[in-house]
Amino acid sequence: MAKRLVNDIIRMKHDGQKIVELTAYDFTFARMMDETDSVDIFLVGDSLGMVVQGHPTPIPVTVEQMIYHVEMVSRATKNALVIADMPFMSYQINESKALENAGRMIQEGGANAVKLEGAGRNVQTIRTLVEIGIPVQGHVGLTPQSYNKLGWKVQGKTRKAVEQLKNDALKLQDAGVFSVVLEAVPVEAARIVTEALDIPTIGIGAGKHCDGQVLVMHDMLGMGDYARVFVKEYAQIKPIVQDAIRKYSTEVRSGEFPGDKYAYKSGIDE
Ligand code: KIV
């Protein structure tokens, strides 16, 4: 498959093809994953604040830090669409700040699109971004940048909340987003929103009815202690890494490594 563009992602919903989205944060992993040509979208998520930087939430992540990571992922990626997550306070202050920061993600970071959390007062900003040619992915349900208000609680659990979720997603669609992430909502709520939209929904903890799925790479590769109900670990990398580290330490201490094998053998010129 060739490089995915925004219109390919929208078409996949209409063709009944599920969309595969995964987070990526650095060159080596992005290249390894992109070489499989099986991922449609890399999201350089502000979840890097947690899985790369070790913060409890994504709130401390800055624009400069995002650009640093987006650039590494863009440089490695030939096939997937690259989305840069707009970090907290990079789009909320006013529209011109949002345009400037989103423009930097595209121009300096090399991203193909940006993602913004929430609807409400962001809708007009999103409309302008789309009008000037910056594709946007929306994000509703549990929005991690609102941690201080929502915590990590499942959203959309009442009829009224589902109606609100659907209306927010419809407003984002009307503003021109090409897809919407639905995070941590009940399966039935995600079905209602997905059926109401022409654009794809991408679920994380939102069940089987979404048009696509996204997971945090560290979660699905079993790299940390991040397991949650909706995370399937497709590999357990942590014990493999720790086993290799222990073997290396043992061999260095015993003198087995590097031995004669892992060394330059040529002599020293006089
Ligand atoms: O930052 C992130 O990785 C995200 C996904 C969880 C959707 O926003």
Side-chain angles (χ1 to χ4, degrees), residues 9 19-26 29-30 33 39-63 65-70 72-73 77 80-92 101-102 105 109 111 113-119 122 126 135-147 150-156 165 168-169 172 177-185 190 193-194 199-207 210-221 223-224 226-233:
I9 304 300
I19 299 157
V20 180
E21 182 167 331
L22 201 51
T23 66
Y25 311 100
D26 69 62
F29 266 102
M33 296 193 293
V39 182
D40 300 307
I41 302 175
F42 284 148
L43 170 66
V44 187
D46 62 358
S47 50
L48 71 85
M50 299 158 80
V51 297
V52 178
Q53 298 177 334
H55 293 295
T57 75
I59 291 171
V61 176
T62 66
V63 170
Q65 290 166 351
M66 281 307 302
I67 292 172
Y68 175 72
H69 285 274
V70 171
M72 290 188 264
V73 171
T77 304
L81 183 91
V82 176
I83 302 181
D85 219 355
M86 296 285 285
F88 185 55
M89 296 314 285
S90 67
Y91 56 95
Q92 293 93 339
N101 287 328
M105 297 294 171
V114 298
K115 175 167 83 59
L116 271 69
E117 289 188 6
N122 297 330
I126 290 171
V136 179
Q137 180 171 68
H139 185 160
V140 293
L142 174 60
T143 44
Q145 290 172 16
S146 309
Y147 169 78
L150 305 178
W152 297 119
K153 289 207 181 72
V154 175
Q155 301 295 301
L165 197 64
D168 283 350
L172 291 173
V177 302
F178 70 91
S179 58
V180 184
V181 169
L182 294 182
E183 178 163 357
V185 300
V193 177
T194 301
I199 52 163
T201 57
I202 311 288
I204 174 159
C210 295
D211 299 302
Q213 299 292 326
V214 56
L215 281 177
V216 169
M217 182 193 89
H218 290 58
D219 291 346
M220 61 88 73
L221 290 180
M223 289 171 77
Y226 312 111
R228 284 177 297 283
V229 165
F230 59 86
V231 173
K232 178 167 178 183
E233 289 187 348

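Counting convention: from 1, in listed order, for ligands and their atoms alike.
Leu43 CD2, 3.7 Å is the protein heavy atom nearest to atom 5 (C) of ligand 1. Ranking the protein heavy atoms by distance from atom 3 (O) of ligand 1 puts Ser47 OG, 2.5 Å first.
Listed here is the closest heavy atom pair of Leu165 and Gly141: CD1-N, 3.5 Å.
Ring orientation note: the planes of Trp152 and Tyr147 are tilted relative to one another, at an angle of 30° to 60°.
Geometrically, ligand 1 and Asp85 share a nitrogen or oxygen pair separated by less than 3.5 Å. Residue Asp46 has at least one nitrogen or oxygen atom sitting less than 3.5 Å from a nitrogen or oxygen atom of ligand 1, judged on distance alone.
Of the options Thr62, Asp46, Leu116, Asn101, a side-chain contact (heavy atoms from CB on, under 4.5 Å) to Ser90 is made by Asn101 and by none of the others.
Looking only at distances, a side-chain donor or acceptor of Gln213 sits under 3.5 Å from a matching main-chain atom of Gly207.
Around the CZ atom of Phe230, the shell of radius 6.0 Å holds more than 12 heavy atoms that belong to other residues, nucleotides or ligands.
For the pair Lys115 and ligand 1, a heavy-atom separation below 4.0 Å is found. Ligand 1 lies out of reach of Glu21, whose nearest heavy atom is not under 4.0 Å from it.
Using a 4.0 Å cut-off between heavy atoms, Ile204 contacts ligand 1 through its side chain alone, with no backbone atom that close.
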